[in-house]
Asks: 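Encoded as C-alpha cells, here's the structure I'll be asking about.
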Amino acid sequence: MTKTHVRSGGIEIRGFSFRYPRSETKALDDVSFSVMPGSFTIVAGPSGSGKTTLLRCLKPELTPHGEIEGVISFVDSASASRPTHQSFHDIAFVMQNPANQIVLDVVWHELAFGLENMGLSPELIERRIAETAHFFGISSWIHKKVSELSGGEKQILNLASALIMHPRLLILDEPTSQLDPIALKQFLTMLQRVHQEIGTTIILSEHRMGDVFPMASDVLYLEEGRVSFYGSPNDFAVYLLGYDKPFKRSLPAATRIVWNACKVLDGSSMEMNKESNKVLPLNVQQAREQLSNISTSLQQHISATEALGTKMRRDQCSASSVKKCTKPILQAKRLWFRYKSDAPFVLEEANIDLYRGTIHALIGGNGSGKSTLLYLLAGVLKSQRGKVSRVSDVKVSLLTQNPQAVFTRDTLFDDLMEHRALGDYDEQRVLDIAESLGLRHLLDRHPYDLSGGEMQKGALAKILLLEPDVLLLDEPVKGLDAVNKHEIAGIFKRLRDKGISILIVTHDLEISANIVDECSLIFDGRIVANGETTSFFQDNAFYTTDTFRVTRGIVKPVVTMDAFDRMLGVTREEQGDDHG
Amino acid sequence: MTTDKRSINRGRIVEVATLIALPVFMFLCAYYEIEQTALVTLLAAIFANIPFFINFEKSRPKPRHILPIVIMSALATVGRILFAPIPHVKPVSSIVIVTGIVFGRQSGYLTGALTALASNMFMGQGPWTPWQMFAWGLIGFLAGVMESVGLFRHRWVVYVYGFASGLLFGLIMDSWHIISFISPLTWTGAIAAYGAGFFFNLAHAIATVVFLVPILKPWTKKLTRIKLKFDLDHSVE
Amino acid sequence: MTLKRYHPVVIFLYFAAVLLVTMLVQHPVIAGISFFFAVLLKWRVVGVVKTLKSLWHLLPMLAIITCINALVNDSGMTVLFTIGRRSFSLEALLYGLVAGLTLLAVILWFSSYSDLMENGRFLAMLGRRLPVISMMVSMIFRYIPDTLQHGREIDMSQRALLGSDDRHRKTKVARAIRLVSILMAWSMENAIETADSMRAKGYQAQCRRPYARVRWTLRDVMSLLLIVLLSVLAVIGVAMGGAAFLFYPEWFIPARALAGGRLYILAGAFVALGGLPFLLDVEQWLRDFASHRRRPSSCKISPFVAAMLPCCGSASQRQQLP
C-alpha cells in the first residue's frame with residue numbers, strides 16, 4: 001500500500017548524454033552530478049543550454065524521444081544510495097506555464113487528479129486534499145473554477161497538486177517565469193516551506209537568481225549541454241562574475257554592484273573574496289552593509305572619476321529635450337472605461353502622453369488597468385468618456401501579452417509575408433528585418449516551435465513590417481531570461497533611435513530603468529505618478545530598482561547598473577549587442 | 001493480442017449495429033404509433049450514444065487521444081456560443097468533420113457528441129441533447145469513415161459531404177421532433193413538418209460548407225502537425 | 001435550494017422519475033401538475049427574473065404547438081369555429097395544449113436539472129461507468145473560459161494589426177475564420193503541455209479510480225426511498241389505467257381511470273413527487289428554525305416536528321455544523 005509519510009529521494013547521473021532525433025549536436029553532453037536527498041539544486045544556464053531537456057530526462061514520463069547514453073538512477077533516502085524503483089508519484093514535475101498544466105475544471109478536482117491516477121481510496125483522497133489545501137492556504141478556493149484563479153494562484157495550485165502525491169523529488173522547470181513579482185515571491189515562499197518543513201528534494205531551473213539563491217544548496221550551470229559549473233550558490237556568483245559570463249545578468253543587482261565596487265577599488269575582487277572567505281551579498285540589505293564598509297574609498301574613487309570628466313547622463317538629456325520641443329504623438333485624455341455597463345470602471349480619468357522617439361513604460365500591479373489602457377490607446381476598445389488623440393498619419397501597432405496571438409501560418413517566413421499587400425513590402429524587406437532581429441536562421445520554423453524570446457522577436461518583426469510609428473507592447477519581456485531581455489531591450493533602443501515611440505507595459509523595473517525615457521505608474525485606474533525615468537525611480541521608495549535601493553544614501557544614488565558603472569568609470573559593459 | 005483485436009472488432013460491429021438499429025427503431029415507433037414516443041425516443045437516443053462511449057473507454061485512450069477531442073469540443077462550443085445570435089449557422093459541423101478526418105472516426109464521434117453536451121450547458125439542455133449528441137457524433141464518425149476508405153481524396157467530396165451533413169443533422173432532429181410530438185402521425189403531417197424545417201436545414205448545410213471551405217486545408221495541415229507533435233512528445237507509454 | 005446538497009444520484013433519480021411520469025402519459029391533469037411544479041422549481045433554482053425570461057421564450061412555443069395541432073388535426077367532434085372549409089375542434093386544441101405543456105414541462109425540468117448540476121457535475125455519477133468521458137467533459141469546461149479569453153486576445157491583436165474595419169460582411173467572416181484558426185492552433189499547442197502534465201501525474205486510463213466529493217448520507221437514502229416509493233405509486237397508477245384519457249373523437253375520461261380513485265392516486269403521488277424539493281426545503285427550514293430557537297437550558301427539538309419529517313436522522317444535522 002501507499003505510504004502516507006513523505007520521504008525524500010535523490011538522483012545520481014553519470015555520463016548522461018542526449019541527442020534529439022534528426023539533430024547533429026547533442027542537447028546534453030556527458031552530464032554528471034548527484035542530487036542528495038533533501039537538497040535544493042538550481043539548474044541554471046542561458047536559454048537553449050539544455051536545462052529543460054535535462055529536467056525532463058529526470059522524469060521518465062516526460063523524457064523526450066532521442067538517443068540516450070549514460071545512467072540516471074533514482075536514490076531513496078531509506079535505501080541508502082542504492083538505486084530503487086520509482087513510480088510516477090515519486091517524482092513530481094511543475095512546468096513553466098501556470099494555465100497549461102491544469103487538467104480539470106475545479107480546484108478540488110485538479111488536486112484529486114494525480115491521486116485518482118494512483119488509485120487511492122476516496123477517504124484517502126479526501127484526507128490528502130484537506131491536508132494539502134491547509135498547508136498551502138488554499139482551502140478557501142477549493143470550490144473555485146480554475147479559470148477564476150490568477151496566474152500566481154494557478155501556479156500555487158500546480159505546486160499543490162504536485163505535492164499532494166507526496167513525491168520524494170520535486171522538479172520545477174522555470175515555474176516563476178510567467179509570474180509577476182508579487183506572485184513570484186508568494187510562490188517561492190511556498191516552495192521554501194515545502195523544502196524546509198517537509199524536506200522534499202527540489203531541483204529547480206530558474207533565470208532570476210536573486211530570489212532563489214538563499215534557498216539553494218547547489219547550483220548546476222549548463223552551457224551548450226555541458227556542465228560548466230557545479231557548486232554552491234556563492235561560488236557560482238563568483239564564477240559568473242569572475243569569468244564575466246553574459247549570464248551574470250541574472251544575478252541580483254545587489255550582488256553585481258558590490259562586486260563591481262570591490263573590483264574597481266582593488267582590481268582583484270575575486271581573490272579578495274576567496275581569501276577573506278567573504279560571502280557575496282544576495283539582497284539589498286547585505287549589499288548595503290558591505291557597500292557602506294567601503295563607502296569612503298568608493299566616494300574618493302567616484303570623485304576622481306568625475307574629475308576626469310567622464311561623459312555621463314548622455315541618454316537622459318537627449319530624451320528629455322525631445323519631449324520639451326514636440327507635441328505628444330499619441331495622447332489619452334481623461335479616459336473612463338469599463339467592459340460592461342454593470343461592471344466597475346477599470347479606468348477612471350486616466351491620462352497619458354506619448355512623445356515621438358521615446359520609450360515610455362507603464363508600470364503597476366495586476367488589475368490596475370494597464371492592459372486596458374493599452375487597448376484603448378491602440379483603438380481596439382472605445383472609452384466611454386475621454387478621448388484618445390493621435391497626430392494624423394500616425395500608425396499605432398499593438399502586441400498583446402502572448403505573441404501566439406499574431407501567428408497564422410505554418411512557417412515564420414510565410415507568417416512574416418502574410419501582410420505584404422497591406423504593408424506594401426517585399427521578400428527582401430522580410431529578410432532584412434529577420435536579419436536585424438537575429439531571426440534569419442529560424443525563418444522556416446513553425447512559429448509555435450520557437451522559444452519564448454524568439455517568438456517575441458518574431459511577433460515584433462511581423463508588426464515592424466507594417467512600419468508603425470508607435471508600438472504598444474504588453475509585457476514584452478515576460479518570461480524571458482536576462483540575456484534575452486537584454487537583447488530585446490537593445491532592439492527597443494534601436495527602434496527608438498529610428499524615431500519610433502514605444503509604450504511598454506511591464507513589471508520589470510530593472511529593464512524599465514535601463515532603457516525607458518519616461519515612466520508612468522498606474523494604480524486603481526489612473527496614472528498616479530509620471531516622470532523622467534531616473535527621477536521617477538529616485539522619487540519612489542518601494543517601486544524602484546534594487547540598484548537605487550543599494551546605492552541610496554551610501555554613494556550618489558543611481559537607478560541602473562550602467563549608470564553605476566559609468567559613475568565608477570567602468571563603461572566597458574558589453575554594448576556590442578546593442579548597436580545595429 | 002487476438003482478444004484485443006476481437007474486442008475491437010466486436011466494438012465496431014456494435015457501433016454499426018447501433019447506427020442501423022436507431023432509425024429502424026424510430027420508424028417502428030412511428031409505424032405502430034406507440035403512445036409514449038417522447039419517452040421511448042429519449043431513451044433510445046441515450047442508448048445510441050453509449051456503445052460509442054464504451055468503445056472509447058475500452059480503447060484506453062492516452063492523453064494524445066483525449067486532448068484533441070477536448071480542445072476541438074471546447075472550440076466548437078465556443079464557436080456555437082459566438083454564432084448563437086444567427087440561428088442555424090454554427091461552425092460545429094465543420095469543426096467536427098475536420099476532427100473526424102484528421103483524428104479518425106472515434107474522435108470525430110466524441111467531438112460531436114461532447115460538443116453537443118457541453119454547448120447545451122449554455123444553449124439549454126433538453127430532451128434534444130442526446131439527439132444532438134448522436135447527430136453531431138454521427139457526422140464526425142462518418143467523416144472519419146469516409147476519410148479512412150479514401151473517399152475524401154478530392155476536396156469537393158468533403159464539401160459535398162459537409163453540405164449533406166447539414167441536411168442529415170436536420171433530418172435526424174426533425175424526425176425526432178415529428179415522431180415525439182406529432183400525434184396522430186400522418187404522412188402529410190410528417191411531410192409538412194419536414195418541409196417547414198427544410199429551409200433552416202438548408203441554411204445549416206450552406207453555413208457548414210461556408211465554414212468548411214476556408215478551414216479544411218489549413219486546419220488539416222495544422223492538425224496533422226499537432227498530431228505528429230503529440231506522437232513525438234510521448235515516449236514512455 | 002436544499003436539493004442541491006443531496007447526492008447526485010438522488011438528484012438524477014428525482015428528475016428521471018418526474019420526467020418518466022411526465023413523458024409516460026398524455027393527460028391534461030398530469031401535464032398541468034408537471035408544468036406547474038417545473039415552473040416553481042425553476043423559480044426556486046434561478047430566481048424570478050430568469051424564470052420569467054425562459055417562460056417568455058417558451059410560451060410562444062406552446063401557442064405554436066397548440067395552433068399547429070389544431071390546424072393539422074380534424075379528428076375532434078366539438079367544433080369551436082370554422083374558417084373556410086376547415087373546422088377547429090376543442091379536442092385538437094386540447095391535445096395540442098397537453099402536448100405543448102408536456103414539452104414545456106420537460107424542457108423546464110431539464111434546464112432546472114442542468115442549473116442545479118452546473119458544469120457537468122451530473123457526470124460525477126457517471127465517473128465509475130465512464131471515467132474517461134466524465135473526465136473529458138470536465139476538461140472541456142476547464143478549456144472553455146481559456147478559449148474565450150484567448151479568442152478575445154487574438155481579436156484585439158488582429159484588430160490592432162489590420163484595423164477594425166468590418167463594414168464588409170466578407171471581411172468580417174474572413175476575420176472570424178482567421179480568429180478561430182489562430183485559436184485552434186494556439187489551444188492545441190497549449191494542449192501538448194497539458195498532455196505532458198497528465199502524463200507527469202501518472203494518467204493511465206486503466207488504473208484510474210475516479211473520486212467524487214460526494215457521500216451517501218442518511219437523508220440521501222431516505223429521500224431516495226421516498227422518490228422510489230412515489231414514482232412506483234405513480235407508475236402503478238398509470239399501469240392500472242389511471243392515466244387513461246381519450247382526446248378523440250370527443251374528449252372524456254374512461255370509467256376505468258376513475259374506478260377505485262386510480263387517477264387521484266396517480267395525481268396525488270405525482271403532486272407529492274413534484275413538490276418534494278419544496279418539502280425538503282421546508283424540512284431544512286424547520287430544522288434551522290428549531291436549532292436557532294434552541295437555548296442551552298431548554299434544549300429541545302419539538303418531537304412533533306421530528307416525527308413529522310420524512311427524512312430525519314443525524315446526517316442532516318451533521319451537515320449543518322461548520
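Below, read A as the first sequence line, B as the second, and so on, with proteins coming before strands; counting in each chain starts at 1. Computed from a predicted structure; not experimentally measured.
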Asks: Between the side chains of A:Glu110 and A:Lys154, is the shortest nitrogen-to-carboxylate-oxygen separation below 4.0 Å, so that they form an ion pair?
Replies: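 The answer is no: the pair does not qualify as a salt bridge.
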Asks: For chain C, find which of A:Ile125, A:Val396, A:Leu422, A:Thr408 contributes the most heavy-atom pairs closer than 4.5 angstrom.
Replies: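 If we count pairs closer than 4.5 Å to chain C, A:Ile125 comes out on top.
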Asks: Where on A:Leu104 is there a heavy atom nearer than 4.5 Å to chain C: the side chain, the backbone, both, or neither?
Replies: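 Both backbone and side chain of A:Leu104 come within 4.5 Å of chain C.
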Asks: Please look at A:Ser121 and chain C and tell me whether the side chain, the backbone, both or neither of the residue comes under 4.5 angstrom of a heavy atom of that chain.
Replies: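 Both backbone and side chain of A:Ser121 come within 4.5 Å of chain C.
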Asks: Please state whether the side chain, the backbone, both or neither of A:Val94 comes within less than 4.5 Å of a heavy atom of chain C.
Replies: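 Neither part, no heavy atoms under 4.5 Å.
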Asks: At a 4.5 Å cut-off on heavy atoms, which part of A:Ala99 comes close to chain C: side chain, backbone, both, or neither?
Replies: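 Both the backbone and the side chain of A:Ala99 come within 4.5 Å of chain C.
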Asks: Inspect the contact between A:Asp173 and A:Arg56 and indicate whether a charged nitrogen and a carboxylate oxygen are less than 4.0 angstrom apart.
Replies: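 Salt bridge: no.
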Asks: Taking the six-membered ring for Trp, is the centroid-to-centroid distance between C:Tyr113 and C:Trp109 below 6.0 Å?
Replies: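 So the answer is no for these two rings.
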Asks: Could you look at A:Val146 and say if it's the side chain, the backbone, both or neither that has a heavy atom under 4.5 Å from chain C?
Replies: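 The answer is the side chain of A:Val146.
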Asks: Is a donor from one side chain sitting under 3.5 angstrom from an acceptor on the other, for C:Ser223 and C:Tyr14?
Replies: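 Per modelled atom types, C:Ser223 and C:Tyr14 side chains form no pair under 3.5 Å.
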Asks: C:His150, C:Glu193, C:Glu153: which one forms the most heavy-atom pairs within less than 4.5 Å of chain A?
Replies: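 Option with the greatest count: C:Glu153.
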Asks: Given a strict heavy-atom distance threshold of 4.5 Å, which part of C:Asp146 is in contact with chain A: side chain, backbone, both, or neither?
Replies: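 C:Asp146 touches chain A through side-chain heavy atoms alone.
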Asks: Between the side chains of A:Asp474 and A:Thr400, does any donor sit under 3.5 Å from an acceptor?
Replies: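 Short answer, no.
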Asks: Does a side-chain N-to-carboxylate-O contact under 4.0 Å join C:Arg199 and C:Asp196?
Replies: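 Salt bridge present between C:Arg199 and C:Asp196.
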Asks: Do C:Thr194 and A:Asn100 have a side chain donor and acceptor closer than 3.5 Å?
Replies: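 On atom types as modelled, these side chains do not qualify, holding no pair under 3.5 Å.
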Asks: Look up atom OG1 in A:Thr411 and atom CG in A:Asp449, then write down how far apart they are to the nearest 0.5 Å.
Replies: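 Result: 11.5 Å between the selected atoms.
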Asks: If you count heavy-atom pairs under 4.5 Å with chain C, which of A:Asn158, A:Asn402, A:Leu399, A:Leu381 comes out on top?
Replies: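 Winner by heavy-atom pair count: A:Asn402.
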Asks: Quick one: which of A:Pro122, A:Ser147, A:Gly114 has the most heavy-atom pairs under 4.5 Å with chain C, could you say?
Replies: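 Of the options given, most contacts go to A:Pro122.
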Asks: When the ring planes of C:Trp216 and C:His7 are compared, do they come out parallel, tilted or perpendicular, using 30° and 60° as the limits?
Replies: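 Plane angle under 30°, so parallel.
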Asks: Between A:Tyr375 and chain C, which part of the residue has a heavy atom less than 4.5 Å away: side chain, backbone, both or neither?
Replies: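 Answer is side chain: those atoms of A:Tyr375 sit under 4.5 Å from chain C.
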Asks: Let's test your reading of the structure: which of A:Glu126, A:Met95, A:Gln101 forms the most heavy-atom pairs below 4.5 Å with chain C?
Replies: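 Looking at each of A:Glu126, A:Met95, A:Gln101 in turn, A:Glu126 comes out on top.
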Asks: So which part of A:His143 gets closer than 4.5 Å to some heavy atom of chain C, the side chain, the backbone, both or neither?
Replies: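 Just its side chain gets close to chain C.
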Asks: So which part of C:Ser157 gets closer than 4.5 Å to some heavy atom of chain A, the side chain, the backbone, both or neither?
Replies: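 It is both, since atoms from each part get that close.
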Asks: Is A:Ile129 close to chain C through its backbone or its side chain, or both, or neither, when contacts mean heavy atoms under 4.5 Å?
Replies: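 The answer is the side chain of A:Ile129.
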Asks: Mind ranking C:Ile140, C:Asn190, C:Ile154 by heavy-atom pairs under 4.5 Å with chain A and telling me who comes out on top?
Replies: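 Option with the greatest count: C:Asn190.
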Asks: How about A:Trp141: does its CH2 atom have over 12 heavy atoms from other parts shown lying under 6.0 Å from it?
Replies: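 Yes, enclosed.
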Asks: Between C:Met136 and chain A, with a heavy-atom cut-off of 4.5 Å, which part of the residue counts as in contact: side chain, backbone, both or neither?
Replies: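 Neither part.
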Asks: Judged by atom type as modelled, is there a donor-acceptor pair below 3.5 Å linking the side chain of A:Glu174 to the main-chain atoms of A:Gln96?
Replies: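 Checked: no pair found.
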Asks: Select one option (side chain, backbone, both, neither) describing which atoms of A:Leu466 are under 4.5 Å from chain C's heavy atoms.
Replies: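 A:Leu466 touches chain C through side-chain heavy atoms alone.
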Asks: Which one, C:Ser197, C:Ala191, C:Gly202, leads in non-hydrogen pairs under 4.5 Å with chain A?
Replies: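 Most heavy-atom pairs within the cutoff with chain A belong to C:Gly202.
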Asks: Of the backbone (N, CA, C, O) and the side chain (C-beta and beyond), which part of C:Gln158 lies under 4.5 Å from a heavy atom of chain A, both, or neither?
Replies: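 The side chain, not the backbone.
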Asks: Side chain, backbone, both or neither: which part of A:Glu148 has a non-hydrogen atom closer than 4.5 Å to chain C?
Replies: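 Contact with chain C is absent: no heavy atom of A:Glu148 under 4.5 Å.
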Asks: Specify whether C:Trp285 and C:Phe289 have parallel, tilted or perpendicular ring planes, treating 30° as the upper limit for parallel and 60° as the lower limit for perpendicular.
Replies: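 Parallel, since the angle between the ring planes stays under 30°.
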Asks: Do you see a donor-acceptor pair shorter than 3.5 Å between the side chains of C:Asp281 and C:Gln284?
Replies: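 No, no side-chain donor-acceptor pair sits under 3.5 Å.
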